[in-house]
Amino acid sequence: MTPKRESERQRTFIAARLTFGGGALSIACNVRDLSQHGARITFEPEATIPNRVKLEIPARGISQEAELRWRHGGVAGVEILNWDARNPAD
């Protein structure tokens with residue numbers, strides 16, 4: 001039996017951006033699933049992504065610190081750190 005997730009995932013297809021290096025570097029991505037605790041993202045398979053990034057989703061007003069949890073080619077799962085639903089964009 002699969003364990004129940006802490007929050008429900010929404011299937012999406014939203015343009016987003018991962019920023020890192022103090023905001024100096026970024027790559028475009030798409031959010032395919034989104035919850036308060038994480039996201040499944042897609043991007044160019046050859047992209048280099050550090051373990052800590054900021055996930056920015058302008059269409060939702062979201063800008064949150066995230067940590068890479070898994071990656072398979074151009075698909076990855078990130079955990080959103082310290083989610084604050086009252087103020088999703090910091």
S.K.: From Ile62 CD1 over to Glu56 CD, what is the distance, rounded to the nearest 0.5 angstrom?
M.R.: 11.0 Å
S.K.: Per the side chain to side chain donor-acceptor pair (under 3.5 Å) rule, what does the pair list look like for residues 39-50, sequence neighbours excluded?
M.R.: Asp33-Arg40
S.K.: So which atom in Gln64 and which in Leu81 form the shortest heavy-atom distance, rounded to 0.1 Å?
M.R.: OE1-O, 3.9 Å
S.K.: Quick one: side chain to side chain contact (heavy atoms under 4.5 Å, CB included) partners of Pro58, sequence neighbours excluded?
M.R.: none
S.K.: Show your working on side chain to side chain contact (heavy atoms under 4.5 Å, CB included) between Ile57 and Leu34 and close with a plain yes or no.
M.R.: CA-CA 11 Å; Ile57 310 172; Leu34 181 64; 4.2 Å; yes
S.K.: Using the side chain to side chain contact (heavy atoms under 4.5 Å, CB included) criterion, which residues pair with Leu68? Sequence neighbours excluded.
M.R.: Asn51, Ala76, Val78
S.K.: Name all residues meeting the side chain to side chain donor-acceptor pair (under 3.5 Å) criterion together with Asn30; count only those two or more places apart in sequence or in a different chain, and write none if there are none.
M.R.: none
S.K.: Filter on ring-ring contact (aromatic ring centres under 6.0 Å, His included), then keep only pairs touching residues 38-58, sequence neighbours left out; what's left?
M.R.: none
S.K.: Taking all heavy atoms of Leu18 and all of Cys29, pick out the closest pair and write down the distance.
M.R.: CG-SG, 3.9 Å
S.K.: If a pair satisfies side chain to side chain donor-acceptor pair (under 3.5 Å) and one of its residues is in residues 10-26, list it, with sequence neighbours excluded.
M.R.: Gln10-Arg60, Arg17-Ser26
S.K.: Can you run down the ring-ring contact (aromatic ring centres under 6.0 Å, His included) pairs that involve residues 48-69, sequence neighbours left out, and say none if there aren't any?
M.R.: none
S.K.: Taking side chain as C-beta onward, heavy atoms only, is Arg32 less than 4.5 Å from Phe13?
M.R.: yes
S.K.: List the residues meeting salt bridge (charged side-chain N to carboxylate O under 4.0 Å, His left out) with Arg52, not counting sequence neighbours, and say none if there are none.
M.R.: none
S.K.: Give the other cluster members for Trp70, using side-chain heavy-atom distances under 4.5 Å between Ile, Leu, Val, Met, Phe, Trp and Tyr residues; answer none if it is isolated.
M.R.: Val75
S.K.: Below 4.0 angstrom, N of the basic side chain to O of the carboxylate: do Arg69 and Glu67 qualify?
M.R.: yes
S.K.: Which pair of non-hydrogen atoms, one from Ala47 and one from Arg71, has the smallest distance, and what is that distance?
M.R.: O-NH2, 2.7 Å
S.K.: Tell me the closest heavy-atom pair linking Ile14 and Ala59, and the distance in Å.
M.R.: CG2-CB, 4.1 Å
